[in-house]
Structure formats: C-alpha cells, structure tokens
Protein chains: 2
Amino acid sequence: MSVKGQRGPRLRADVQRNRAALLEAAQRHFLRFGVGTSLEAVAKEAGVGPGTLYRHFPTREALLAAVLQTRSEELMARRAEIAQLGDASRALRHWLRAMEEYFSAFSGLPEPLMAAARAQEPGNPLTLPCDLLITTTEEYVRAAQLAGHARASVTGYDLFLAAVSVAWIKGTGATDEESLDRLRALVESGYRERENPA
Amino acid sequence: MSVKGQRGPRLRADVQRNRAALLEAAQRHFLRFGVGTSLEAVAKEAGVGPGTLYRHFPTREALLAAVLQTRSEELMARRAEIAQLGDASRALRHWLRAMEEYFSAFSGLPEPLMAAARAQEPGNPLTLPCDLLITTTEEYVRAAQLAGHARASVTGYDLFLAAVSVAWIKGTGATDEESLDRLRALVESGYRERENPA
DNA sequence: ACCTGTCGCGGAGGCAGCCTCCGTTTCACT
DNA sequence: AGTGAAACGGAGGCTGCCTCCGCGACAGGT
C-alpha cells in the first residue's frame, strides 16, 4: 500500500544517507586499521550513533560484506576478462592472483573469510561470496586439468586455500614482495603437471 | 651477598609457586580457548590477581613464550632425531611436519609468531625461538638442495612460511585432514626438484 | 501547509577485557 | 622475633561491544 509504482517499502532519505555514510567511513577505517577496527569509531566518523550502525549492519561481517560488494563486482569483472584468455594455464594463474589481491583488500580479511568458508549456517553474509570464489576456482582448475596443465589431484578448494594463505602471509607484513613471489611460485609449481601427458 | 651457595638473588617461595600456577593455568586456557583467551581468567584460575600476572609476564607474548618453552624443547629433541635420518629429503619433510605441529599447539598461535618473525626490535620474546626455527629450516633446505632433492630457488624462510600457513589454515577449522594433506603435498611438490639432476 | 502515525535515530548504560598503581601482606635474612 | 624489601592483588580507569528505549524526523494524507 501507498506505493507510487516502486515495489517494496519506501526508503526514507535519512536511511539511505546514513547507510552510505557508514559504508564510506567503514571502508576508510578498514583500509587504515584493518577489519578489526573499532565499530564505534566508524559510527562516529559517519556521524551516527552506534545503534544506527548496528541496525544497518547487525554484525561486523555484515558491514564487511557490504563494503566488499564493490570489490566483489570488480573481481567478477576480472573473471570475465580472464575467461577470454584462452590459455587455461595462464587463466588459472591470473585468477589466483586476482583472488589473492581481493583477499588483501584489508588487513585481517582472511580470518573472517575462512570463518565464512567453514560456516554451514547461512547466517554469515560472507559465505555467499566465499562460495562463489571457490566454485569459480574449481572451474578454472578443471579447465587447466583438461588442458593437461594441472595435476588431477589438485582441487579448486586447495588453490583457494593457497591464495588465502598467501594473502594472510602478506597481511602479517612479515615478508617482502620477493618472498611472496617465491611463495606463489612454490604453489604454482606444486599444482602444475610435471610432464606433458601422452 | 647473603647467598647460601646459589648464585643470583634468592627466589621467594611465593614467586615460584605463582609462576608455576600461572604457567599451568595459561597452558590450559590456551589449549581450550586459543592464544587470545582472557588473561584475567588465567589469573583467576591460577588463584592470583591480575597485577601478579602482569608482573611475571608483562605481555601476552611473554606468557606465551614461557608456555611454549616446553614445546620448543620437544621440537629441538625431534630435530636431533630427524638429523639422524640421513635421507635429506625425508629429513626436510619430517622437519616441516614437526614445525607445523608446533605451530598448531594452540589455536591462534601463527599470528603472534608471524608478528615476532617481522619484529626487528628484540622486545618480542617470541622472536628468538622463531628465528631459531627459520635458521634450522634453512639448514635442512640446504642439505636437501645439496642432495638434489630441493630446488635451488627455494629458501628456508619460504618453507617456514609455508608451514606457518598450513598451521594457520588448520587453526581456522575450515578444512578436514584430507584438504590439509593435499596442501602439504602441494607444498612438497612445489619445492621438490623435478628431475634428478645429472 | 499542516497533521499524524510510524520508523529510524542515537546515546546512555551494562558488560567484558586490558593494564596500572599503590596500600597491604608475605617472605627471607638476621 | 624484628625488619626491610619485594611481591601481592584488587580497585579503578580505559576502550570497545552491543542493547534498549525515549525522542525526533520523515513521508503520506488531508
């Protein structure tokens, strides 16, 4: 009732404004202080009270998922590009790198992502994007296997874990880029087929 | 002065008692709740006030390092056993597995360990054991390389990172043992020399 | 333009954990 | 037993989490 042609309940102006301000403030704080940053500080910077923050985003994960939305879409765009590559081996490598960058968006991001990957209860708002990444990785792995570029024993989930691990290591700040490159190379030579099969 | 034959300042009985009680309580809590457990709860269980805990162990890391002391010694014992193996390839594999188990002693242990690996300031009491592990890994890697079982491009630090990563993944609880085994296999086939060199 | 019901706002407040400071107690040595 | 020094421990200040509810602002109708 009381609709002008739009479906669903009318959205109040302050609701939209607050939500946008919260997302922007959250992104800034996640970037600067990592995903563990104080939510009260986020609320304050957004110019709203803590109650408002928690009404919009009941959990830290919900806020995080909303902030990640943009990045997820960017990643899916890259996925489309990568799919055009043709070369299954290169495609897999690029996809893994793209995922790793996604995981490195904020320091401390790998932890909640792994928690979401574990969760069977669909309560966690990060579970959906997480499962999407795993599924996509499986597709790339399968293609690489068919082309003889990846071992049969490797699964998409394995390489998802590897990418998360590298991102985690990166996030600890205990390594320089050289070490990370060697780690990536280690993973790659780990999943690659050794000989060309007959 | 005023010594009965022991060197150094005399240790009061309550000091020793409290320290022992704290270490025991801390180990229990770290085992049950991970390294992030409430230090106040540890103090309470040990039957001392928070002030006493913080006097004995000024930081969480200091307490952790003290609790890990026993495990470090066990690991060094295994190191001695492993060194007897003769086969450099097997030795490296066993050592990596032993390190991984050490890292998995408590949930959440990898984080402070990586922070200690990063730290240049010697303030962190975990830095010393951490550096020891890295150095030891480098020895095993060098031996394996000389025997033609490991690629020249791999460093001890890389495999240290790999072991920490696997332990971290394990600690998230998002994976079963099968996945972990596949990850370990991935790492191993990543550092192994492909062909036997001439 | 005003009225009105509803929904969102926001801050006070309860809770938990961290860490410190200092009056009190306990110990060891004489 | 007496005494000085060192350790004890808990109160308290601080920060962050999250909830609850009275107040206020917004949208739709008149």
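Throughout, a chain's letter reflects where its sequence line sits, starting with A, and its residues are numbered from 1.
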Looking across every strand, which nucleic acid part, if any, lies under 4.0 Å from A:Arg60 by heavy atom: base, sugar-phosphate, or nothing?
sugar-phosphate

Among D:dA7, D:dG9, C:dG8, the one nearest B:Val15 by side-chain distance:
D:dA7

Comparing nearest nucleotides in DNA chain C, the 5'-proximal residue of the pair B:Gly36, B:Asp14 is B:Gly36

Give the rounded distance in Å between these two atoms: CG of B:Leu11 and P of C:dA28.
10 Å

Assign A:Ser38 to base, sugar-phosphate, or nothing according to its heavy-atom contacts below 4.0 angstrom with the strands shown.
sugar-phosphate

Here the distance between atom C1' of C:dA16 and atom NZ of B:Lys44, to the nearest Å, is 11 Å

Would you say B:His56 places a side-chain N or O within less than 4.0 Å of OP1 or OP2 belonging to D:dA7?
no

Side chain A:Arg12 and base C:dC7 donor-acceptor under 3.5 Å:
yes

May I ask you to decide if A:Arg151's main-chain N or O and A:Gln145's side chain share a donor-acceptor pair within less than 3.5 Å?
yes

So, is B:Asn18 near the phosphate of D:dC8, with a side-chain N or O under 4.0 Å from OP1 or OP2?
yes

Base of D:dA7, side chain of B:Arg55 - is there a donor-acceptor contact under 3.5 Å?
no

Nucleotide C:dG10, atom C1' - distance to CG of A:Leu22 in whole Å
12 Å

Gap between atoms NE2 and C1', on A:His29 and D:dC17 respectively (whole Å):
16 Å

In whole angstroms, how far is the C1' atom of C:dC18 from the CG atom of B:Leu53?
11 Å

Centroid-centroid distance, A:Phe160 to A:Phe103, less than 6.0 Å:
yes

Whole-Å distance separating the CD atom of A:Gln16 from the P atom of D:dA25:
19 Å

In whole angstroms, how far is the C1' atom of D:dG16 from the CD atom of B:Glu40?
14 Å

Between A:Arg184 and A:Arg93, does a side-chain contact (heavy atoms from CB on, under 4.5 Å) hold up when you go through it step by step?
CA-CA 10 Å; A:Arg184 291 181 194 114; A:Arg93 188 171 61 244; over 6 Å; no

Hey, is the main chain of B:Leu180 close enough, under 3.5 Å, to the side chain of B:Thr175 for a donor-acceptor pair?
no

Atom pair distance, as rounded to whole Å: CZ in B:Phe33 and P in C:dG17
11 Å

Taking OP1 and OP2 of C:dG10, is either one under 4.0 Å from a side-chain nitrogen or oxygen of A:Thr52?
yes

Check: B:Thr137/B:Trp95 side-chain N/O donor and acceptor closer than 3.5 Å:
yes

Go nucleotide by nucleotide along DNA chain C from the 5' end; which of B:Tyr54 and A:Val48 gets its closest nucleotide reached first?
A:Val48

Base, sugar-phosphate or nothing for B:Arg17? Non-hydrogen atoms, less than 4.0 Å.
sugar-phosphate

